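Each ligand, and each atom within it, is numbered from 1 in the order the structure gives. Numbering starts at 1 and runs along the sequence shown. Keep in mind that this is a model prediction, so the values were computed, not measured.
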Amino acid sequence: MQTWQHSVIYQIYPKSFYSHAGNATGDLLGIVDKLDYLQWLGVDCLWITPFLRSPQRDNGYDISDYYAIDPSYGTMADCDLLISEAAKRGIKLMLDIVVNHTSIEHEWFQQARSSLDNPYRDFYIWRDQPNNWESKFGGSAWEYEAQTGQYYLHLFDHTQADLNWDNPQVRAEVFKLMRFWRDKGVGGFRLDVINLISKPADFPEDHTDGRRFYTDGPNVHQYLQEMHREVFEGHDLINVGEMSSTSLEHCIRYSRPESRELSMTFNFHHLKVDYPNLQKWVRADFDFLQLKQIFSDWQLGMQAGGGWNALFWCNHDQPRVVSRFGDDGEHRVVSAKMLATALHFLQGTPYVYQGEELGMTNPGFDTIEQYRDVETLNILRLKRDAGESEASSMAAIKQKSRDNGRTPMQWNGEANAGFSSGEPWIGIPANARQINVESQLDDPDSVLHHYRALIALRRHEPLIQEGVYRELLPDHLQVWAYLREGHGERLLVLNNFYAAPCEIRLPDHLISTAIEQRLLISNYPDCPLRSSTVVLRPYESFVLHLKD
Ligand code: GLC
């Protein structure tokens, strides 16, 4: 077993985690302050979103210096302290590396834009004429650079210029900066949109936005193998790739050990179940059957191909899961626990995003002035240009905006949810007075204690790490039921995704008097399973260990 196969990783969005200095934004010393809490929770590793120098146009995903800490987060000494204090508690730190693109304020781009024959010109991707590719944040993926009369490619904001990975000097610089951080003692890397780094030389276009040409592009596996040789080989690192619009086949290749590329991959297919016809910016309910189907396909496919999944519901780009697939009102606590259980018993490495362990909800921002995210603001502009009504645009934004997941961590019921003594950079949901760490630490029935129990179970229960996944009742319209099996034992995981109670019938051979049952976890005080027919209560979920 590899380290990450029994680990749980916690994601920190430092801007919104904790401000040691009492500023509008969080900082690295704020993370140091909260390490005891993270150790208590039981996580093995922290993925911290980018805190390197950046103009912060995309909250740090626009890096202007890979060797410096952004002053808003602190100093290099703070970072060294964080690494060593985390290590003392047995916690590794995973650095978020953004190398599909740099900020246009990066020295390389400043050089590149200055003349056609500058040695850095070929660090980026230039064309005399744009093709029809679109930016993932809306609009054309090409920006005109007047000084040299050419367009540069930016798959994200126009201030995030794509690096030219076909240039060996670019790869050498990337591997060098990764070695710098590895040698400082980080325990691994989270590689931002890493499956977009290889673009086809002829920049083809057709009726699509271009993504099919540059997603999992022509040389991506070769470049990741090179990264493995140059940076990872011989070091105990956990490396996860963020894979945008990817495929199962490619994720198997990226993450199976024989490929010598990455430890595991994130994909987003299960989070597009509320994108009707793949359109994100439309308000819509989620498709439950599709959600189950996608998870099952990936569980079975990765299992068969020897790949490894990164499992997650939430991150800094996604709305809060309890508001999305659960119920953030009356059934908030049970539904947050159910969603956690459904995910944490799958094959892969679970990620917990700050505040998810409390059942934090979307903030419900109603006016555009409350939003900060560059993507959200770009989209509203495009919707206005297209003549969409303000009411319909805002309904979509309220449901889908990335700011839903970016409000400050709720530490206590005091001013600013205990996040900072200063005025936070973004608003705080009114329910922070009830939903916070302090109140849940004292409550053994809280969402927080449920997450802590799940994290501990993964470490100690081999079937969670290695058991073979098998779906039950695939056509059931409100229950996701599955097994994890091995060595004559199995875990039975039952999850009701809705408020309506419902009866299900399990295969008779699973539940018989000859079979020993042990309840591992549940979200109601008692477990109702006595026979193969069972009525699940609102959002009920439980896991039984069954032994022949
Ligand atoms: C990833 C990040 C996201 C960022 C984008 C561009 O998807 O998670 O926050 O905006 O890459 O770097």
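A salt bridge does not link R324 with D285: every distance from a Lys NZ or Arg NE/NH1/NH2 to an Asp or Glu carboxylate oxygen is 4.0 Å or more. A salt bridge between K398 and D366 is present, with a side-chain N of the basic residue lying under 4.0 Å from a carboxylate O of the acidic one.
A cation-pi arrangement, defined by a distance under 6.0 Å to the six-membered ring centre and an angle within 45 degrees of its axis, is present between R121 and W126.
Taking the six-membered ring for Trp, F325 and H270 have ring centres at least 6.0 Å apart.
Residue pairs satisfying the side-chain hydrogen bond (donor to acceptor under 3.5 Å, both in side chains) criterion with at least one member in residues 195-204, sequence neighbours excluded, are listed as follows: N100-K199, D162-K199, N195-D216.
The neighbour count for R179 CZ, taken as heavy atoms of other residues, nucleotides or ligands under 6.0 Å away, is above 12.
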What are the atom names and distances for all N or O pairs under 3.5 Å between ligand 1 and the protein?
residue, atom, partner, partner atom, Å
ligand 1, 7 (O), E242, OE1, 3.3
ligand 1, 7 (O), E242, OE2, 2.9
ligand 1, 8 (O), R190, NH2, 3.2
ligand 1, 8 (O), H316, NE2, 2.9
ligand 1, 8 (O), D317, OD2, 2.5
ligand 1, 9 (O), H316, NE2, 3.0
ligand 1, 9 (O), D317, OD1, 2.8
ligand 1, 9 (O), D317, OD2, 3.4
ligand 1, 9 (O), R402, NH1, 3.4
ligand 1, 10 (O), D58, OD1, 3.4
ligand 1, 10 (O), D58, OD2, 2.5
ligand 1, 10 (O), R402, NH1, 3.0
ligand 1, 11 (O), D192, OD1, 2.9
ligand 1, 11 (O), D192, OD2, 3.1
ligand 1, 12 (O), H101, NE2, 2.9
ligand 1, 12 (O), D192, OD2, 2.8

